[in-house]
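We count ligands from 1, going down the list as the structure has it; atoms in each ligand are counted the same way. The first residue in the sequence is number 1, and the count goes up from there.
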Amino acid sequence: MFEDLFKYQEKDVELLKLENELKSSAEYKAYKSNYIQFMESKKQIEKLEADAAGIQAGQKRLDEINANVDKLLASLNEIESVLKNVDEIEDMNELDYYQERMQKILDELATYEKEMKSVDSKIVDINKKYADAVKSYKESAKAGKAATVAYKSVQEKFSARESEYKTELEGLRAELVSKYPTIMAVYDRLRKEKKLPAVVEYNNGFCGGCGMEVSQGTVGKLKASGEFAECQHCYRIMVVK
Ligand SMILES: [Zn+2]
């Protein structure tokens, strides 16, 4: 009994092996890891593009600072020209006033210089990170293209063999489904989980799949050829040939 079912399963196991072979091929692994890297650098670029708003704000602040510095330099020039004619200043208080004002302007200029440097280095930093991310994005896109071509070529060969197997299985299937509807329903569920073999022989009290001892109730169901029951340990179908 069940020879047709085992024959079907044998072919199906080969098909599953073929699917696993493709997934474990070097071409598939390269294709997958390149894809992951590509998506990561894409994400990085998107994040840095959001930071571009930071560059704009920084640039605006730099412009403001430059305008203020221009004003301060103009004031300094004025004071300088006054101080050039220091002999004409009669009031010592006036001289003090100019000197104090000059010092204040120089202090302000120093503060602006510091801020300018920090804004500037932030802009340089964002620009550099952006350039790096774009470079790695382009590189992974290029490598990904080559990996995709290699993978597609391997995949084509596999899918030719795969459809051969599938056609063969389909030819056997209709008859099995009408002959063993309950077994095939369980089989299809286990196949989806890639748990093959799904149908195993019952071995005198033990499951031929997981090797565990089955319950007395199950033993009672498996007395004669053609009988079957589900293993309560691994959920495979045990059959009596
Ligand atoms: Zn079992």
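Between Cys231 atom SG and Cys234 atom SG, the angle centred on the Zn ion (ligand 1) amounts to 110° (nearest 10°). Geometry at the Zn ion (ligand 1): SG/Cys210 and SG/Cys207 form an angle of 110°, nearest 10 degrees.
The side-chain tip of Lys142 does not point at the ring of Tyr137 from less than 6.0 angstrom away and within 45° of straight on.
Here Tyr180 and Phe228 keep their ring centres 6.0 angstrom or further from each other.
Using a cut-off of 2.8 Å, one finds that His233 contributes no N/O/S atom close to the Zn ion (ligand 1).
Partner Tyr35 forms a side chain to side chain contact (heavy atoms under 4.5 Å, CB included) with one of Gln37, Lys32, Met39 and no other, that one being Met39.
Ser118 and Ser121 share no side-chain donor-acceptor pair at under 3.5 Å.
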